[in-house]
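Report on the following structure.
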Amino acid sequence: MADTDGERESKEFHVGVPQASDGFFLKGSAHYDWGMKNRLARIFDPASGRTVMLAVDHGYFQGPTTGLERIDLSIVPLVPLADTLMLTRGALRTMIPPASRPAIVLRASGGPSVLKELSNEEIAVDIEDALRLNAAALAVQVFVGGEHETKSIHNLTRLVDAGTRYGVPVLAVTAVGKEMVRDAKYFRLATRICAELGAHYVKTYYVAIGFDTVTSCCPVPIVIAGGKKLPELDALTMARNAIDQGASGVDMGRNIFQSAAPVAMLRAVRAVVHDNATPSEAYELYQKLE
Ligand code: 5RP
């Protein structure tokens with residue numbers, strides 16, 4: 001039975017003090033339910049409003065990618081430094097310690113390998129399994145302009161329906177075919193379509209001209225992919241430019257795990273994203289730590 005010894009006669013009802021009814025820190029996310037917001041707040045740091053996602057899901061279509069041959073050896077030491085780990089459920093279950101803190105963004109689409117037409121994906125994870133794995137979000141590839149454009153968009157909308165049912169956000173990853181032009185016009189089209197169709201945040205590539213127009217007309221947060229390996233200072237400069245032009249973080253893979261000093265590089269990227277370091281300050285940090 002509840003112990004009532006500590007109960008006082010005079011209660012503190014604070015009549016006249018309105019209950020706090022705060023908004024939510026993340027772009028476009030104010031009207032979601034509690035669980036959805038809580039998961040987003042595990043991905044995006046509420047202090048900076050930004051995220052450093054470590055992307056290691058490349059094996060889902062290209063097998064043992066350089067730097068990911070042994071995720072247990074190369075990636076596990078990086079895990080505590082990331083806000084979020086983006087990976088497949090196979091890699092998660094077999095190689096990532098369940099006591100890890102970062103939020104898990106689960107690769108939820110797949111099908112074709114690099115040997116086939118990549119846009120021909122299906123949904124590859126059941127929402128129940130995502131919940132079993134305590135996923136903070138689901139990631140799906142969207143091929144706007146690709147051969148199987150409609151199918152990939154249908155994958156997105158089905159995952160948004162499933163995710164909304166259980167409070168799990170969906171990250172739409174804009175995938176660009178080799179033959180397509182990577183410019184602001186294309187990324188405005190692709191990111192806006194993803195957001196309009198319900199994606200809770202969108203991953204895209206940084207472009208040197210007009211990236212601020214991509215972020216400004218997308219009603220949900222945008223994170224940038226790192227893309228192919230660049231010299232460290234160039235990758236840090238790209239991250240700085242993207243953040244300055246409205247990105248809410250990075251979802252970086254090869255520029256971290258293919259760096260000569262992945263721990264140092266991840267710390268330097270964090271300095272840019274969360275501490276507003278300039279590229280040269282972050283590069284100095286990288287050099288100090290490498
Ligand atoms: C695969 C992905 C990857 O996660 C992403 O492209 C990897 O990041 P990076 O380009 O920085 O290696 O979405 O399609």
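For ligands, and for the atoms within them, numbers begin at 1 and follow the listed sequence.
- Although no hydrogens or angles enter the test, the distance criterion places a donor-acceptor pair under 3.5 Å between the side chain of His200 and the main chain of Val170.
- Using 4.0 Å as the threshold, Asn255 has no heavy atom nearer than that to any atom of ligand 1.
- Close approach of ligand 1 to Met252 (heavy-atom distance below 4.0 Å) involves ligand atoms 11 (O).
- Residues Asp129 and Arg132 are paired through a salt bridge, judged by an N-O separation under 4.0 Å between the basic side chain and the carboxylate.
- Contact atoms of ligand 1 toward Val173: 13 (O) (distance under 4.0 Å to a heavy atom of the residue).
- Any N or O atom pair closer than 3.5 Å counts here, and Gly226 shares at least one such pair with ligand 1.
- Residue contacts with ligand 1 for Met53 are absent, since no atom lies close enough (heavy atoms, distance under 4.0 Å).
- Contact check on Asp83 versus Arg50 returns no salt bridge, with no Lys/Arg side-chain nitrogen under 4.0 Å from an Asp/Glu carboxylate oxygen.
- Under a 4.0 Å N-O distance rule, the pair Lys185/Asp183 does not qualify as a salt bridge.
- Residue Leu73 places its CG atom among more than 12 non-hydrogen atoms of other residues, nucleotides or ligands, all under 6.0 Å distant.
- Close approach of ligand 1 to Asp57 is summarised as follows: ligand atoms under 4.0 Å from at least one heavy atom of the residue are 2 (C), 3 (C), 4 (O).
- Taking only non-hydrogen atoms, the option from Ala55, Gly227, Ala225 nearest to atom 9 (P) of ligand 1 is Gly227.
- Of the listed residues (Phe187, Tyr205, Tyr186, Tyr206), just one forms a ring-ring contact (aromatic ring centres under 6.0 Å, His included) with Phe211, and that residue is Tyr206.
- Ligand 1 places these atoms under 4.0 Å from at least one heavy atom of Arg254: 9 (P), 10 (O), 11 (O), 12 (O).
- Using a 4.0 Å cut-off between a side-chain N of Lys or Arg and a carboxylate O of Asp or Glu, Asp244 and Arg240 qualify as a salt bridge.
- Of all atoms in ligand 1, numbered sequentially from 1 with element shown, those under 4.0 Å from a heavy atom of Gln141 are 1 (C), 13 (O), 14 (O).
- One finds a salt bridge joining Glu196 and Arg192 here, because a Lys/Arg side-chain nitrogen approaches an Asp/Glu carboxylate oxygen to under 4.0 Å.
- When Lys228, Met86, Lys203, His58 are checked for heavy-atom proximity to atom 5 (C) of ligand 1, Lys203 turns out nearest.
- The protein heavy-atom contact nearest to atom 11 (O) of ligand 1 is Gly253 N, 2.8 Å.
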